[in-house]
Amino acid sequence: MSLVDVLNVTKEYANGDETIRPLDGVSLSIHEGDYVSLMGASGSGKSTLLNLIAGIDQVASGEIVVAGTDITKLSRGKLADWRAAHIGYVFQTHNLIPVLTAYENVELPLLLLPMSAAERRKRVEIALEAVDLTPRASHYPRQMSGGQEQRVGIARAIVASPTIIVADEPTGSLDDETTEQILSLLSRVNDELGMTLLMVTHDADAGARARRQVRLERGRLMENGKETKATTLRTA
Amino acid sequence: MLKFIPYVLKSLWRHRARTLLTVSGTAIALSVFCFIGSVQQGLLALTSGANAERTLIVFQENRFCPQSSKLPQDYERTIAKMPGVQEVVPIKVFTNNCRASLDAIVFQGMPAEQLKSARQLELASGNWNAFDQQDDAALVGQDIAARRGLAAGDKFTIGDVSVVVRGVFRSPVAAENSLIYTHLDFLQRARGANEVGIVTQLEVHLADTADPDTVSKQIDGAFRAGPVATTTRTKGMFQTDTLGDLAELIGFVHWLGYACVGLVLSLVATTTVMSVQDRIKEHAVLQTLGVRPLRVFRLVLIESLVLSAIGGLLGVLASTAILSTTGMSIAAEGVTIAFEPSLVLATQGLVVAIAVGILAGLVPGWQASRTEIVPALRHA
Ligand SMILES: Nc1ncnc2c1ncn2[C@@H]1O[C@H](COP(=O)(O)OP(=O)(O)OP(=O)(O)O)[C@@H](O)[C@H]1O
Ligand SMILES: [Mg+2]
């Protein structure tokens, strides 16, 4: 059974008189434990698709069903609750909260879930351990390197055990060595923790580390030279 | 929501210069607000309440400054016989400054027995015996004692009048705490021999059933033909008339109190708007993590509330401390308005600060909660 079904999704932007349509009826299924890389030219709509799946942008038409919920139908408030429970988002620039320590940044998503303080503590410690930053727990973002900040960002994304982790060019602003660190960390998150990942990248090498590679080309989504389809067929 | 309080406080602390400036600005405005309120209360206390409405003051007709009102002391006997009159207290008033002043000294000379019965003075130091036994003894109100640093045993001279402090008292009537009481005949003699037998005013205490207006008319009627014509009013009206322009000015000053509230509102709102604009991206990140728009709104509201409430608390504490230690007052023509701190005023100040904090956070909070996530994430 698939975890995420993108069904015939279109996204448009009005740009003066003309309409830009970065996504033109795309469909995609992501299964539990998948590691999908999403590639394509700059401006092809990668971030747009990722943001739709993450529930922070709205479709023009189509459905996005995650773990049985059509998120295009949710209100703003409900969608926020849904994100807290189901999405781990890794940004290109880590986007940590500057006034909070590494520990507090990782803890933040858990504050939104019904959970005891002891349970929170345990989870934050496990997540920091997973990204190998336990000794840095009390450091502020400004006291860490770019790679360390990104690892805190990954810890924050995995801490609540979300349904899917989405990452938009997570290595886009890192040097080669740090990129390698982050990519192998993401592979471990998929391999060892069994988490489902969707990663946008325009680095072919990075994309090749994923189990599945899909490309956006002129509004269409391609996998292995064929247009992707949703495996769960729903009649609307 | 409590789980997010550390985040709010840390965000405020991150811009501590801005936060401290806003808090101190709020504190100053709120202390001015309380100050103005205390002056208003002081004025109100003079003109309302049983003491102001059930006591009559007989003064020389068409005179305002106590120096120029000269009534024969034996009017006392005539008035005492009138129906509805319970007691008549002859009072000699001396002040060093008839114009509006923050540091006027007002003496009231009264027969010692009547001082004891007609005023509810509670001696904080000194004793009545020492006062009774000495011609030039004085009892000093606690506010003026604080202002002038006076204690029992001190000698105190103003102009021609020189007294020895024999006690410091507290009175339930705020304005009396700024007075100095002496023996009547002492104050009459202290200012030249021909003042003996002359008083500034007569204070008439009414029986419970007496109508103040009727008795006033009766008194003025009795002396219309002289030797000195009188004007009799309730103590409240007398004080309002005497303060005249000053009372009107003080009444007008309450607008400045509203201006203070407006000032705090714009100050806190400006800071909150700036803080929201600084963090457009941060709020988008919070929303991406799953923070509801309504919670973002509340976070901003709490931030502005904390600013305003801390500033308000400091302002209220500061003004209360100043008002209660300095015993400030303003006097004109021998009538004193005491600036009294009060629980009501402090509560009012805090409520205003809290309301303003919430009000100031509404618009920025709403803006923050309406932020579109994706464009805001692209924000620098
Ligand atoms: N708010 C917007 N208004 C108008 N056009 C937009 C808006 N957001 C995105 N677009 C357009 O939609 C298209 C897809 O944008 P998107 O950011 O998804 O591309 P991308 O594949 O992530 O590119 P990159 O690799 O540069 O990040 C682009 O042509 C972009 O100009
Ligand atoms: Mg992009």
Side-chain angles (χ1 to χ4, degrees), chain A residues 11 13 22 47-52 54-58 74-101 103-117 120 140-142 153 156-157 159-160 162-163 166 168, chain B residues 1-20 271-272 274-303 306-307 365-380:
Chain A
K11 177 74 181 174
Y13 294 105
S47 298
T48 304
L49 179 57
L50 178 126
N51 288 338
L52 289 172
I56 59 172
D57 202 355
Q58 290 81 42
L74 297 177
S75 68
R76 275 172 67 103
K78 283 271 189 310
L79 199 55
D81 291 348
W82 175 85
R83 285 194 298 271
H86 294 281
I87 294 293
Y89 200 115
V90 180
F91 300 89
Q92 175 174 354
T93 52
H94 54 84
N95 280 341
L96 299 178
I97 307 297
V99 296
L100 300 181
T101 62
Y103 184 97
E104 291 165 332
N105 266 287
V106 175
E107 189 185 26
L108 200 55
L110 300 182
L111 299 181
L112 301 165
L113 302 171
M115 194 177 287
S116 70
R120 279 208 302 275
Y140 286 92
R142 66 186 137 75
R156 179 175 68 181
V159 72
T163 306
V166 299
D168 192 352
Chain B
M1 206 62 201
L2 286 179
K3 291 183 278 194
F4 284 85
I5 296 295
Y7 164 68
V8 171
L9 296 181
K10 283 178 158 193
S11 297
L12 285 170
W13 186 243
R14 180 185 184 189
H15 294 280
R16 37 196 166 281
R18 189 168 77 190
T19 300
L20 291 179
T271 303
T272 310
M274 279 166 71
S275 140
V276 164
Q277 281 172 355
D278 281 352
R279 286 187 291 156
I280 291 176
K281 188 172 184 179
E282 192 170 308
H283 285 141
V285 170
L286 289 178
Q287 288 206 49
T288 303
L289 298 180
V291 176
R292 278 174 167 238
L294 187 64
R295 196 193 288 264
V296 172
F297 175 80
R298 290 204 305 247
L299 287 173
V300 173
L301 215 60
I302 290 176
E303 200 174 306
V306 167
L307 278 177
W366 187 78
Q367 278 179 340
S369 73
R370 299 312 299 169
T371 307
E372 289 293 332
I373 300 175
V374 174
L377 283 176
R378 294 215 178 97
H379 213 270

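Bear in mind the structure is a predicted one, so any value in this text is a computation, not a measurement.
With a 4.5 angstrom heavy-atom cutoff, Q92(A) does not touch chain B via any of its atoms. Residue T93(A) touches chain B through its side chain alone, counting heavy-atom pairs closer than 4.5 Å. Neither the backbone nor the side chain of E107(A) comes within contact range of chain B; no heavy atom of the residue lies under 4.5 Å from a heavy atom of that chain. Looking at N51(A), only its side chain comes within 4.5 Å of chain B, counting heavy atoms on both sides.
By the 4.5 Å heavy-atom criterion applied to side chains, K3(B) and R120(A) are counted as neighbours. Between I56(A) and L377(B) there is a side-chain heavy-atom pair separated by less than 4.5 Å.
Each of K10(B), R14(B), R279(B) was compared with P98(A) under the side-chain contact (heavy atoms from CB on, under 4.5 Å) criterion, and only R14(B) meets it.
Between chain B and the options L108(A), I87(A), L113(A), L96(A), the largest number of non-hydrogen pairs under 4.5 Å is found for L108(A). Options D57(A), L100(A), I97(A) differ in how many heavy-atom pairs under 4.5 Å they form with chain B, and the most are formed by I97(A). Contact tally against chain B (heavy-atom pairs below 4.5 Å) for E104(A), K78(A), Q58(A): the top residue is E104(A).
In plain terms, the two heavy atoms of P293(B) and G77(A) that are nearest each other are CD-CA, 4.3 Å.
Under the rule for a ring-ring contact (aromatic ring centres under 6.0 Å, His included), Y103(A) has no partner lying at least two apart in sequence or in another chain. Listed by chain and number, the residues in a ring-ring contact (aromatic ring centres under 6.0 Å, His included) with H86(A) are W82(A) (sequence neighbours excluded). Legend: residues meeting salt bridge (charged side-chain N to carboxylate O under 4.0 Å, His left out) with R76(A), ordered by chain and number and at least two apart, are absent.
Contacts with chain A (heavy atom to heavy atom, under 4.5 Å) involve these residues of residues 282-291 of chain B, listed by number: E282(B), V285(B), L286(B), Q287(B), T288(B), L289(B), G290(B), V291(B).
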Y7(B)/V99(A) under side chain to side chain contact (heavy atoms under 4.5 Å, CB included): CA gap, chis, key distance, verdict: CA-CA 7 Å; Y7(B) 164 68; V99(A) 296; 4.0 Å; yes
